[in-house]
Student: 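Below: one structure in structure tokens.
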There are 2 protein chains.
Amino acid sequence: MSELLTTNRKEQLLEVAAKLFKQRGYAATSMRDLAAELGIEAASLYHHIKSKEEILETICFDLASKFSIVIAEVNDIYFNAEEKLRTAIKNHVQIITQNTNQSAVFLHEWRNLSEPKLSEFMKLRDAYEKGIRVILKDGMNEDVFDDVDEKFASLTILSTVNWINEWYKPNGKMSTEEIAQNLSDFILGGLRKKMVTDINYKP
Amino acid sequence: MSELLTTNRKEQLLEVAAKLFKQRGYAATSMRDLAAELGIEAASLYHHIKSKEEILETICFDLASKFSIVIAEVNDIYFNAEEKLRTAIKNHVQIITQNTNQSAVFLHEWRNLSEPKLSEFMKLRDAYEKGIRVILKDGMNEDVFDDVDEKFASLTILSTVNWINEWYKPNGKMSTEEIAQNLSDFILGGLRKKMVTDINYKP
DNA sequence: AATTTTGCCTAACACATGTTAGGTTATGTC
DNA sequence: GACATAACCTAACATGTGTTAGGCAAAATT
């Protein structure tokens, strides 16, 4: 079917665009750069897409949608707060490691969106952060997590899991599961309710 | 003295440039944008600077130098590993909160540097990360920190302290000291050697 | 008072940018 | 075999880009 071919070619275009946007940034990547990478002329791109910004929108909102889905799942299905947080972290790590280029665009290039898409995107981001905050609140209510400033803690957690994108290489020695495990341990070590028995603890 | 005036005007130019580079990104900020913000014509900028990229270089390397200085200080002066790490975090937070615009450029826009400045910059970044790694190694040798993958841990710590730049507002309710305190607690909670007495701990 | 320096201006350049219009060719469908 | 469609092409456009050349007025220096 031709429909399938179109889709494939467009997906290929989006994949290559994400790669270039990650490498050089959105504004520094020209339509001619993108076309050259695909082996076609710049004008030919417009057979598949409407504008340069449409490419950015598609990449950003596709990934935002993936994040929205998994955070909703976690807050629906799992019961225990620690398990919830571990699962959320694992899902987050998975999305980033399986979509390295798109993730970089999602994390850094969304500023180049123009209104009204920009506001729309920021709403989705905020909703995700709120999802994390709900888990923290649960954990504090269950007395599993230490009392912390929710906003501060959620942003710190997100910073940690997002930073993976800066150094993760698909063929590195650490698996997605190991990364998620280590990050969860680190984060939960900082959050979990502790009795005062740490060596060298000074209150 | 005229020397002084020149310096001031140039510093003002760099400050405004950093502000715009943070807001719109380096590539998306034109020399005409920058000039307009300063109330002059684009061509007049070249009385103060040699090229657009020179502005980016100055901002990036100025901040890199600040980071280099404080990490060297910490590893020279302080003895205890936990104290070292706390001081390093405090210094890092201070640099970021006191130079919000330049920090954003330092963290995100350095990719727009071209060789050989790009490699030079990346070396400075790596040296800083190595400085953090030394502290972690010390802490593990002193049996104060849990055994962790040094590279992984140092990158996680940097991710946490760097993310401040995404949400910090100079007039927010949290002071620099409070932010540093909270981050240190969070990070050290995840690092400090623990006896197995955490509530709900499952090995 | 004469001269240099500073900080800006106008005008223009060569080139890169996103995008459109209209045409061509190969592929698959009726 | 006629036809539709997908995927690309060449040519060109209007505009934006970083940057240079040369000049002018005010301030600082001699």
Student: How close or far is atom P of D:dT19 from atom NZ of B:Lys52, stated in whole angstroms?
Tutor: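 So the NZ-P distance, B:Lys52 to D:dT19, works out to 8 Å.
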Student: Starting from P on C:dT17, measure out to CD on A:Glu41 and report it in whole angstrom.
Tutor: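 Distance check: A:Glu41 CD to C:dT17 P gives 14 Å.
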Student: Specify the separation, in whole Å, of atom CD of A:Glu54 and atom C1' of C:dG18.
Tutor: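 Distance check: A:Glu54 CD to C:dG18 C1' gives 14 Å.
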Student: Rounded to whole Å, how long is the line connecting atom CD1 of B:Ile40 with atom P of C:dT10?
Tutor: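 Nearest whole value for this atom pair: 12 Å.
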Student: Would A:Glu115 and A:Ser119 count as a side chain to side chain donor-acceptor pair (under 3.5 Å) here? Give the steps.
Tutor: CA-CA 6 Å; A:Glu115 296 292 357; A:Ser119 298; 2.6 Å; yes
Student: Bend across the helix from C:dA1-D:dT30 to C:dC30-D:dG1, to 10°, with axes taken over 5 pairs at each end?
Tutor: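 Overall, the helix from C:dA1-D:dT30 to C:dC30-D:dG1 bends by 10° from one end axis to the other.
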Student: Please pick, from D:dT10, C:dT10, D:dT17, the nucleotide with the shortest atom-to-atom distance to any side-chain atom of B:Ser30.
Tutor: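 Output: D:dT17.
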Student: Can you classify the ring geometry of B:Phe67 versus B:His92 as parallel (below 30°), tilted (30 to 60°) or perpendicular (above 60°)?
Tutor: tilted
Student: Nearest whole Å is fine: how far is C:dT17 P from A:Glu53 CD?
Tutor: 18 Å
Student: I'd like to know whether B:Glu166 forms a side chain to side chain donor-acceptor pair (under 3.5 Å) with A:Ser159, so could you lay out the CA-CA distance, the side-chain angles of the two residues, the decisive distance to 0.1 Å, and finally the verdict.
Tutor: CA-CA 9 Å; B:Glu166 306 298 313; A:Ser159 82; over 6 Å; no
Student: With a 4.0 Å cut-off, would you call A:Glu129 and A:Arg133 a salt bridge?
Tutor: yes
Student: Rounded to the Å, how far apart are A:Tyr46 OH and D:dA11 C1'?
Tutor: 16 Å
Student: Categorize A:Ser44 for me: base, sugar-phosphate, or nothing, with a 4.0 angstrom heavy-atom threshold over every strand shown.
Tutor: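 If one applies the 4.0 Å heavy-atom cut-off, A:Ser44 turns out to touch a base.
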Student: So that I can tick it off, tell me whether B:Glu177 and B:Arg86 are bridged by a salt bridge, with the cut-off set at under 4.0 angstrom between side-chain N and carboxylate O.
Tutor: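 Answer for the salt bridge query: no.
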Student: For a quick check, tell me whether the side chain of B:Arg32 and the base of D:dG16 share a donor-acceptor pair closer than 3.5 Å.
Tutor: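 Between D:dG16 and B:Arg32, which were checked side chain against base, a qualifying N/O pair under 3.5 Å is absent.
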Student: Look at B:Lys19 together with B:Glu37 and state whether they make a salt bridge at an N to O cut-off of under 4.0 Å.
Tutor: yes
Student: Is any side-chain N of the basic residue among A:Glu73 and A:Lys90 closer than 4.0 Å to the acidic one's carboxylate O?
Tutor: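 No.
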Student: Tell me: NE2 of A:His47 to P of C:dG18, nearest whole Å?
Tutor: 20 Å
Student: Figure out the CE/P separation between A:Met31 and D:dC9, and round it to whole Å.
Tutor: 14 Å
